[in-house]
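The structure appears right after this line, and notes come after that.
Worth knowing before you read on, the calculation uses all heavy atoms, side chains too, and leaves out hydrogens, waters and symmetry mates. Just so we're on the same page: letters track the sequence lines, and every chain starts at 1.
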Amino acid sequence: MKITFQLNGTEKTVDVEPMSRLLDVLREECRLTGTKEGCGEGECGACSVFINGALANSCLVPVQQIVGADVTTIEGVRETAAGTRLVESFTEAHSAQCGFCTPGILLASLDLLRRNSDPDEAAIRHGISGNICRCTGYDMIVDGVHLAAERAAEEDGFTW
Amino acid sequence: MKRDISRSIPRPDGRAKAGGGAAYIADIPYETALTARFYRSTFSRGRVKAVHLPDLPEGYFVVDHTDVPAHNHVALIKTDWPAFAVDEIRYKGQIMLIVAGPDPREVDRILGEITVDYDPIPPAVTLDEGLACVGGAMHGTDNIYAEFTVVKGDPEQAFATAERVVEGTYETGFQEQLYMEPQGLVVWPAAEGHKVVIHGSLQCPYYVKHAVEETIGPGYAVQVIEATTGGAFGGKEDYPEIMAAPLAVAALKIGKPLRMIFDRTEDMAWTSKRHPSRTTVRTAHDGSGRILGMEFDVLLDGGAYESYSMIVLQRAIFTSNGAYNIPNVRVHGRAVATTTVPSGAFRGFGAPQALFALEMHMERIAGEFALPPVALRRPYLLKTGDPTITGGTIREDVIIDRLIDKATELSDFEAKRERYDRDPWRGIGISVFNHGCGFTGDGEQRIIKGVATIRKDADDHVEILVASMDMGQGPQTTFRKVAGAILGIPAEEIGYDNPDTDKVPDSGPTVASRTIMIVGYLVQEAAKELKAQWKPGEAQEVEKHYTMPPQMKWDQETLTGDAYAAYGWGVNVVEVSVDPVSWEPAVLGAWGVYDVGVPIDDRVVAGQIQGGMSQALGYGSLEKLEVDGEGVFRQRSMADYIIATSLDFPRTTAVTLNNPYEFGPFGAKGMGEMVHDGGHAAYCAAVRQALGRECSSIPLTPERIMEIMR
C-alpha cells in the first residue's frame, strides 16, 4: 500500500504494508535512525516523534494512520533553532550518557517547552515522565532542559 | 591543575547522541546481511533425543553444534557454557540452533516449525533446590560453582567470649540491567573465509575476540569492532560473547553477513541478570554492643552455567566487611547452580549484595543495642594502615569519616533520625561502603596486562588507542581530558574512536571500575612520554603497559594480600515516608557523598552518582524480577519490570571530596560501580525506621511492606 505523508517538511511516499509500525517505516524505509526502538510497546519513549505536532510513540502507530499527516522526527528538529538549542544544552549539561533515549527525550522536552517556556523542576520531570532513561537518574536531563529554557529566555524573539 | 581537570566540559559525544546521529548497531545499514535468530529450548531441563527441522526454502540456513570448527563452548572464565546445546539442556531458552535467511518473517516461520524430542529432568529453580541437587547435580557433584572461606583474626574466640550474638538473614533478588539499547551484533566472514568480523553493542572487544577465536579455532583471524553502545551496566560484558561465538560459526558456514538484533522481549527473557543472594550474618558482641567478631555466609544464585559466578562471589566475599575493620571475621561463600538463565555481570558485581547484608545487619545491631547508626559504625571505620580481611593493608589515605560528616550534614541526618524515631511513617537511613577498583588481586598484571597507546600523526593530530569503550559512563570525555591536559591540547581535538581490535591494543575489558584508574593512568603516562619526546610534524607513538603499584602484594593460591590496589569510598543517605494505608514508600531525599580520588570531570562523576543511585534505589524498591516453576522470568517487558521514571525519585545530591590517588590519572580512582553499592541499603534502612520493623529483603515493594506489617 502506498502511503503519502509529510516527513520533516517534505512529502514522502512509501510502499509498505498498512499495519507496519511507523517506527519501522521511519528507520528502514526512510533511513531515519535517530528514532530508536527501546521496548516496542510504548513504555520507554525512545521512538518518540511528532505527528501533526503531537508527541507520539512511533512503535504504537500503524503507518496507515499517518496518511496525509505531518510527521517530524529528531532529524527534522536537530538543525532548527529550537533543536540546536536543546542539543547544545544537553551536551553541556551532560544530559546524554549512553544516548539511546536522548533523541526521544529531546523531543519530549521540546514538546514541554512549546507549552511552557519556563518550566520548574516538577514541570520538567512531568514533561519527560513518558520517557525512560537508565543512565542518568534524570537529574542532568532536567538540568539540560533548564539550561535550554534559560538560554532561550535570554534571546530576543526566540520561540520553541 | 586538579581543579582544572575536574571542571566539566561539554560531552564530546553529546551532540551526536542528542541529535540522533550516533550510530548504534541497529542503525547501521548492512544491506546484504541475513537475519539470524536463535532457536532456544522450549523446556527448562532435560536431554535432547532428536531435533526435527522443517524443509528449508532456498537461501535459508540452520546451524548447530556440528558446524563448530573447534570448540563448542563460549570461553568466559570457565568453558562450561556450550555455544550450541548438544544433548543437555539446563535452562529454558538455552541456545540450540541459529536460523538465518533474508526475510525475518520466514525465519520466524521456520523457528516456529522446529520441534525437539527430549527426556525432561526436574528443574532446580531456587537456591535451596540447587543446593539440594533436585533432578541430580547439574554442575559437578554438588551444584557448587565456587566456594571460598576467608578468615581474619580469631572469630571462634570472639564468639566464645561474646556476651550477645546478633544474627540476621538478608536476601536480594534478580536485577535486570535494562540498558536502553537491546543486544545486537552483525557478524560477517572476511578475507575469503579466513577471518570473521564482529560489529556490535559490547563492552569488551577483546573478550569477544578471544571467545570467538576459541570457538572457531586458530585457522581464522577475528576482528571485533564496537558500535556506539546504548548502555550496558555489565550486561554487555558476557552476553555479546554468548551471541558472537555461535554467530561466528554460522557466518563461516553460510558465508554471508548475519544480523542479530534482539527486541526487548528476547533481551529481557534470556540475557544474564544480577545474581540473587541470601546471606546470613552473625556478630559477636560484648555487653555494650561492641563488635568482637563477625561470621558472614553468602549464597549466590549462579543460574545454569558458571559464567562469571566465581569472580562475582570473590567480589562479594572481599567486600563483605565493607568500609570496616572488624577484628575477627570468618567469611564463607558459595555460588550455586540452578535451572535459570545464567547470572552474569551487573554494575557492582557481587558488592551490592554483600553490602546490603552488611549494612542492614549494622542497622539490626543499632536496633538491638539502641545505638545511633553513625555512632555505631564510627569505631570500625577503616584507616590507613589497617589490615583487610585478605591479610592486605589499606595503603591509601582514607577519608571515610569526612564523607560521613559531609553526608550527615547535607541531609541533616542526626536531627531527622532522632525526630523520626518519634514521628511515625518517616525514616532516614545511611549506608557506608567502599569498592575495590580494578581486577581482584594481581589480576590486572597476571591476567589482563592492559596496554594503552597514544599516537600522533605528521599533522600533530593526537589519537588515543585503547580497547576501553564508552557505554555512557564517560571515557569519551575523561580520556580526552587526561591526554589533552598533559599535552596542552583541547580535549575535543584528541581522537578517540570506538575500539576496533585491528587498530587498538588490548587494554582489557570495560568493567570492574578499572577504566579511568587503570587504563586512564596508562593514557596519562603515555601522554607524558609523548610530550617529552614531542617532535612537531613527525608521526610518533607511545605504548604503555600496566605494572602493579610497587607495594601491592597478592597470592592467588591462598587469596591473601591486597585484594585491590585502591578503593573508592561512599556514603549514601536516603529519606522516606511510608503511606500507612497503601504501604507505598516515597523517597523524599537522596544524598551521595564519595571519594573518587579526583573527579576527571565533575559532571561525568555526578552523572554516575545520580544514575547509579537511581538504579540502586530501583533495586531496593521497584525492580521485582521473579522466576516461575520452570525458572523463567515472570516479568517479561518494561510494562511489568518497573524501573524509575523521572517522577519516582527526587534529585540526588551528588558530592565528591578530593583525595588524590598516586597511581590514578590526576589522582582519579574508579567509581562506576560503587554508585550502585549503597542506595538500596540506605533506602531499606530508612523504611526500617519508618516501619519500626526489620527489612531484610529487597526489592522492598509496597506488597512486601504489607507482609512485614501484617
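Remark: side-chain polar atoms of A/R27 are paired, donor with acceptor, to backbone N or O of B/A26 under 3.5 angstrom.
For residues 5-21 of chain A, the interface with chain B (any heavy-atom pair closer than 4.5 Å) comprises A/E17, sorted by residue number. Among the residues in residues 28-35 of chain A, those with a non-hydrogen atom closer than 4.5 angstrom to a non-hydrogen atom of chain B are A/R31, A/T33, A/G34.
Between B/R651 and A/D143 there is a salt bridge, with a side-chain nitrogen of the basic residue lying less than 4.0 Å from a carboxylate oxygen of the acidic one. Using a cutoff of 4.0 Å between basic side-chain nitrogens and carboxylate oxygens, A/E88 and B/R15 are scored as salt-bridged.
The two residues A/G38 and B/P182 come nearest to each other via the heavy atoms O-CG, 4.3 Å. When all heavy atoms of A/M140 and B/R603 are compared, the closest pair comes out as CE-O, 3.2 Å. Across all non-hydrogen atoms, the minimal contact from A/S129 to B/S646 is CA-OG, 3.2 Å.
Of the residues considered (B/I609, B/T477, B/D601, B/I28), B/D601 shows the highest number of contacts with chain A, using heavy-atom pairs under 4.5 Å. When each of B/L647, B/V604, B/D648, B/T229 is checked for heavy-atom pairs under 4.5 Å with chain A, B/L647 comes out on top. Most heavy-atom pairs under 4.5 Å with chain B, from the set A/E43, A/H94, A/H126: that is A/H94. Of the listed residues (B/Q473, B/M180, B/R264), the one with the most heavy-atom contacts under 4.5 Å to chain A is B/M180. Considering only heavy-atom pairs separated by less than 4.5 Å from chain A, the leading option among B/P12, B/A644, B/G20 is B/G20. Options A/N131, A/T91, A/V77 differ in how many heavy-atom pairs under 4.5 Å they form with chain B, and the most are formed by A/T91. Of the listed residues A/A46, A/C133, A/C44, A/A93, the one with more heavy-atom pairs under 4.5 angstrom with chain B than any other is A/A93.
When side chains are defined from C-beta on, B/F233 counts as touching A/C135, because their heavy atoms get closer than 4.5 Å. Between A/K36 and B/D27, some side-chain heavy-atom pair lies under the 4.5 Å cut-off.
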Side chains of residues 97-113 of chain A: which donor-acceptor pairs under 3.5 Å do they make with residues two or more places apart or in other chains?
{"unit_1": "A/Q97", "atom_1": "OE1", "unit_2": "B/Q608", "atom_2": "NE2", "d": "3.2"}
{"unit_1": "A/Q97", "atom_1": "NE2", "unit_2": "B/G607", "atom_2": "O", "d": "3.1"}
{"unit_1": "A/T102", "atom_1": "OG1", "unit_2": "A/G99", "atom_2": "O", "d": "3.3"}
{"unit_1": "A/S109", "atom_1": "OG", "unit_2": "A/I105", "atom_2": "O", "d": "2.7"}
{"unit_1": "A/D111", "atom_1": "OD2", "unit_2": "A/R115", "atom_2": "NH2", "d": "3.2"}

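Partners of B/T265 according to the side chain to side chain contact (heavy atoms under 4.5 Å, CB included) rule, which considers only residues two or more places apart in sequence or in another chain, are B/D263.
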